[in-house]
Amino acid sequence: MRVATWNINSLKARLDRVLAWLETARPDVVCLQELKCATADVPADAFRDAGYEIAAWGSGRWNGVAIASRVGIADVRQGIASQPDFAGAIEARALTATCGPVRVQSLYVPNGRDTADPHFPYKLAFLQALAADAAADAAGPVPFAAMGDYNICPTDDDVWDVDEWPGTTHITTDERDALAAVQAAGLVDVHPRALKYDQPFTFWDYRNLDFPKNRGLRIDLALANPAFADAVTDAYVDRNERKGKGASDHAPLVIDLDL
DNA sequence: ATGCCCTATCGTATAGGA
């Protein structure tokens, strides 16, 4: 089977491209992030016409996660255990469901904004909660992957050039330690191959010709338990989806499984 | 060609993204 994760940066603005991609890539399950629309506004009919059921948790302008599947969706769960709030709100950043033989989690980890911003400790707290939340699924017999936009480059090789990276977040030791703690729960980073160039980046900023210049980041990850990881036959980043008019700034991460 | 930022919002600018 084929499982994917993709930060689509608005479901409404991206709907045609998402549906077209489902038709060509034919994933059995796709985790989507940054819906930027309310749950009630998710076009479930359009997905149904394409052969997919969709479970979504959206809250309007920001965030929002979904899972679309053509092998069924069961046991849907919103959020993670002890999920921290931001400014008093529990944000739509995690959705977990069982789709056929796999259990997947669609994740949108907080950006962090700046190491001096309150969003940064929020990001670390979210990851800490995630590590605890994932432990049971990580140790279980069912193939499980927590996949999505982690907003962390696991290593310097996951940045086109750390010295040119303009942000203060995504590359810090604190963030990488927090990511390592999630992996320590029993999950491994399914490292994809790139369709072009050496590094399998998943994000390129819209500005400054970053995509043509391949100034990218690998921040969309699939952290898999042993049952999931052992079944992986291929993994790649579909950078072709970053091309052209109306593209998201992220490309899909696609994983093929012998399941 | 990969091509010079994008999205949603009570908007005619602003916040957020990474």
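Chain naming here is simple, since letters A, B, ... match the order of the sequence lines and numbering starts at 1 in each. From a predicted model like this one, the values you see are computed outputs, not experimental measurements.
- Residues from residues 38-46 of chain A with heavy atoms under 4.0 angstrom of DNA chain B: there are none.
- Atom P of nucleotide B:dT7 and atom CG of A:D16 are separated by 13 Å, given to the nearest angstrom.
- Side-chain N/O atoms of A:S10 include one lying less than 4.0 angstrom from OP1 or OP2 on B:dA8.
- Every residue meeting the side-chain contact (heavy atoms from CB on, under 4.5 Å) condition with A:A125, not counting sequence neighbours, appears here in chain and number order: A:P84.
- Within the structure, salt bridge (Lys or Arg N to Asp or Glu O under 4.0 Å) pairs that include any residue of residues 235-253 of chain A comprise A:R17-A:E241 (at least two apart or interchain).
- Each of A:G246 and A:K243 lies near DNA chain B, and the nucleotide nearest A:K243 is the one positioned closer to the 5' end.
- At least one donor-acceptor pair under 3.5 Å links the side chain of A:D28 to the backbone N or O of A:R2.
- Using atom P as the reference point in both B:dG16 and B:dG11, the two lie 16 Å apart (nearest Å).
- B:dA15 and B:dT2 have their C1' atoms separated by 29 Å, given to the nearest Å.
- Look at the C1' atom in both B:dA8 and B:dT12: the space between them is 15 Å, to the nearest Å.
- Among residues two or more places apart in sequence or in another chain, the side-chain contact (heavy atoms from CB on, under 4.5 Å) test is passed with A:T98 by A:D75, A:R103.
- B:dC10 and B:dC6 have their P atoms separated by 23 Å, with the value rounded to a whole Å.
- Applying the salt bridge (Lys or Arg N to Asp or Glu O under 4.0 Å) rule to pairs touching residues 118-138 of chain A yields A:R77-A:D133, A:K123-A:E175, sequence neighbours excluded.
- Within the 4.0 angstrom heavy-atom criterion, only backbone atoms of the sugar-phosphate kind lie near A:R14; the bases stay farther away.
- Pairs engaging residues 210-223 of chain A under the salt bridge (Lys or Arg N to Asp or Glu O under 4.0 Å) rule: A:D158-A:R218, A:E164-A:R215, A:D189-A:R218, A:D210-A:R215 [sequence neighbours left out].
- No side-chain heavy atom of A:L217 sits under 4.5 Å from any side-chain heavy atom of A:T202.
- With side-chain heavy atoms closer than 4.5 Å counting as contact, directly or through intermediates, the hydrophobic cluster containing A:V109 also holds A:I80, A:L107, A:F126, A:L127, A:L130, A:F144, A:Y150, A:I152, A:L179, A:V182, A:L187, A:L221, A:L223.
- Taking atom P on both B:dT14 and B:dG3, the two are 30 Å apart, rounded to the nearest angstrom.
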Original post:
In B/S/- notation, 5' to 3', how is nucleotides 9-18 of chain B contacted by protein heavy atoms closer than 4.0 Å?
Top reply: S----BBSBB
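- Summarising the hydrophobic clusters (Ile, Leu, Val, Met, Phe, Trp, Tyr; side-chain heavy atoms under 4.5 Å, direct or chained), the residues clustered with A:L22 are A:W6, A:I8, A:L11, A:L15, A:V18, A:L19, A:W21, A:V30, A:L32, A:L35, A:V42, A:F47, A:Y52, A:I54, A:L195, A:Y236, A:V254.
- Rounded to an integer number of Å, the gap from A:F201 CZ to B:dT2 C1' is 15 Å.
- Remark: C1' of B:dG3 and CH2 of A:W204 are 15 Å apart, rounded to the nearest angstrom.
- Nucleotide B:dT7 holds its P atom 11 Å from the CZ atom of A:R17, rounded to whole Å.
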